[in-house]
Amino acid sequence: MRPLREYVRSFLLVELLQGLRVTGRHLFKRSVTLEFPEEVAPKSPRFRGLHALRRYPNGEERCIACKLCEAVCPALAITIDSHQRADGTRRTTRYEIDLFKCIYCGFCEESCPVDSIVETRIDWHLMESREQRVIGKERLLEIGDQYEAQIAADRAADAPYR
Amino acid sequence: MFETFETLFWIFAKIWAVLIPLFLAVAYFTYMERRVIGHMQDRRGPNRVGYKGLLQPFADALKLLFKEISVPTHANRVLFLLAPALSIGPAVAVWAVIPFADGWVVADINAGLLYILAMTSLGVYGIIVAGWASNSKYALLGTLRASAQVVSYEIAMGFALVGVLMAAGTMNLSGIVEAQAGPFWNWFWLPLLPLFLVYWVSGVAETNRAPFDVAEGESEIVAGFHVEYSGMAFAVFFLAEYANMILICVIAAVMFLGGWYSPFHGVPVLGPALDWVPGIVWLLLKAGFFAFCYLWFRATFPRYRYDQIMRLGWKVLIPVTVVWLVVLTVLIYAGVGPWF
C-alpha cells in the first residue's frame, strides 16, 4: 500500500508544492540584509575593534609603561619603550601595535591596571600601505581622545560583570 | 517598386515592434530574477543602480559591451563566433508566429506550432557548436549534457503539444487560442491538465533552467557550454536563453491558458465588465505568472542528477503524455464538456 501511496504522491507533486510554499512565504518576509554604509549592525559594549590609549580627565595619559600588555599579548603585536620623565614618573617613549599581528583578543585591555589601552568599537578602518599597519602612541592617544565618551560609556556598561 | 519598399518597411516595423519589447523584457527578467530570488532567500537583491536598482540590467549590459571577447587558443574561430548567432537567431525567429492579441501576429502562418517546434530544435545547434568550437573539456561536457537534455525533452514537449493540436484541431496559433474562447474553465489546461504539467516541466528542462540546470552545473563543470565566452558573445547566449524562457512562458499561456482571452470571457456580468482590458494585457499577465514560476522553481528546487533528468524525461513524462493522448482521443470522440 505504501509504495502505491508514494507513487500517487509523486504524481500529485505534493513535496514540490510544499517546497514552493516555503520559498513563497519567505518572499514576503523582511529581508535581513543591512545596507552597509547607511545601516550598521548593533554592537555590544564589549566589542573588540581598533585600539586606543586613554587619558585621565586632567589630560594626563594613563599608561605607566608597566608592559603587562606587551607581556600578555599572544601575538607579540605590542612594542613598548619607556623612560623616566622629569617629574619622576615612568612613561612610554614608544607604544606601537602591529595591526597585522594583532588578533583582537582583548588581553591587553584585561591586563591593563590603569585602563589605559582599550579596544574601541571601530571595526572598519583602512590602510593605504603596509607601513601603516603599525600604529604609534600619538595615533592611539588621538583615537582615545576622539572616542573617549563612547569608550567610557562602554566600560561603565560592562563594569558590573568584571 | 515603391510598394515593395513599403511592404518591406512594414515588415521591419512589425519585427522591431516585437523585438524591442522582447529585449527589454529579457533585461528586466534578469533583474526580476535577482530581486525575487533574493527576497525568497531573505536578501534584497540589486538595489543600488537607479531607483530600486532598476537600471541594473543596463549597467550589466554596458559592462559586457566594454569587455574583451577572447577566443581560446586552438579554438575554431569561425564556429566560435558563429555559435552565439546560431543560438540567438532561432530564439528570436520563433516570435514571428506568436499571437499577442487578436490579429497581432507578425506572420500568421497555418503551421505555426510546427514552426515553433522546428525553431526551438534549431537552437540546439548553437549550443553544440559553441561547446565544440571552444576547445575546452568543460564546454564540451556542458554541451553533451545540454544537447542531450534538450533533445530528450523536446519529445515530451512535442507530445504535450500534440494534445493541444488534437483538442484545437488546428496548428495555427491564433486558431488554437480561438478554440479556447470563453471563461477560464473553457481553456485547455483543464482537459489537458497532465499534458499541461508535462509541457511546463519539459519547458523548464528545455531551457536548461533550475532544477534541470546540469548543463550549467557551476559546482562541476563551471558554466557549461559557454564557459569560454566573454563580453558581448556571452551576452548573446544569455539573451537567447532568457528569450527562450520568455517564449516558453508565452507559449504556455497561448496553448493552455487561452492566450489573449480574459478569464471571464463570455460570462454574463464579469465578461463585459472586463472587456475594456486589451487582450495583450491578459496574455502578458498569464505569461508573467509562468515567468515568476521559473524564478520560484530556481529558488526552491535542488538540481537533478543527470541520470535522474533522463529518467524523468524518458520514463515518466513521455509515457504520461502517451497515456493522456489516448484518454484525450476518447474525450474528443465522446464530445465531453465545453471543450470538444
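By convention in this document, chain letters (A, B, ...) are assigned in the order of the sequence lines, proteins followed by strands, and residues within each chain are numbered from 1. Scope of the values below: all heavy atoms of this structure, side chains included, with no hydrogens, waters or symmetry mates.
Summarising the local packing, CZ of A/F11 is surrounded by more than 12 heavy atoms from other residues, nucleotides or ligands at distances under 6.0 Å. Environment of CD in A/E15: sparse, with no more than 12 heavy atoms of neighbouring residues, nucleotides or ligands closer than 6.0 Å.
Relative orientation of the B/Y199 and B/F256 rings is tilted, given thresholds of 30° and 60° on the angle between their planes. Between A/F36 and A/W124, the ring planes are perpendicular. Angles over 60° get that label, and only those under 30° would be called parallel.
With 3.5 Å as the limit, one finds a donor-acceptor pair spanning the side chains of B/Q149 and B/N208.
A donor-acceptor pair under 3.5 Å links the side-chain atoms of A/R91 to the main chain of A/E61, judged by distance alone.
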Could you give the side-chain donor-acceptor pairs of residues 110-118 of chain A under 3.5 Å, partners two or more places apart or in another chain?
unit_1, atom_1, unit_2, atom_2, d
A/S111, OG, A/F107, O, 3.2
A/S111, OG, A/C108, O, 3.0
A/S116, OG, A/C63, N, 3.3

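Using a 4.5 Å cut-off between heavy atoms, A/F28 does not touch chain B at all.
Below 4.5 Å, heavy atoms of chain A meet heavy atoms from B/V36, B/H39, B/M40, B/D42, B/R43, B/R44, B/N47, all part of residues 34-47 of chain B.
Interface remark: of the candidates A/L20, A/L13, A/T33, A/L20 forms the most heavy-atom pairs closer than 4.5 Å to chain B.
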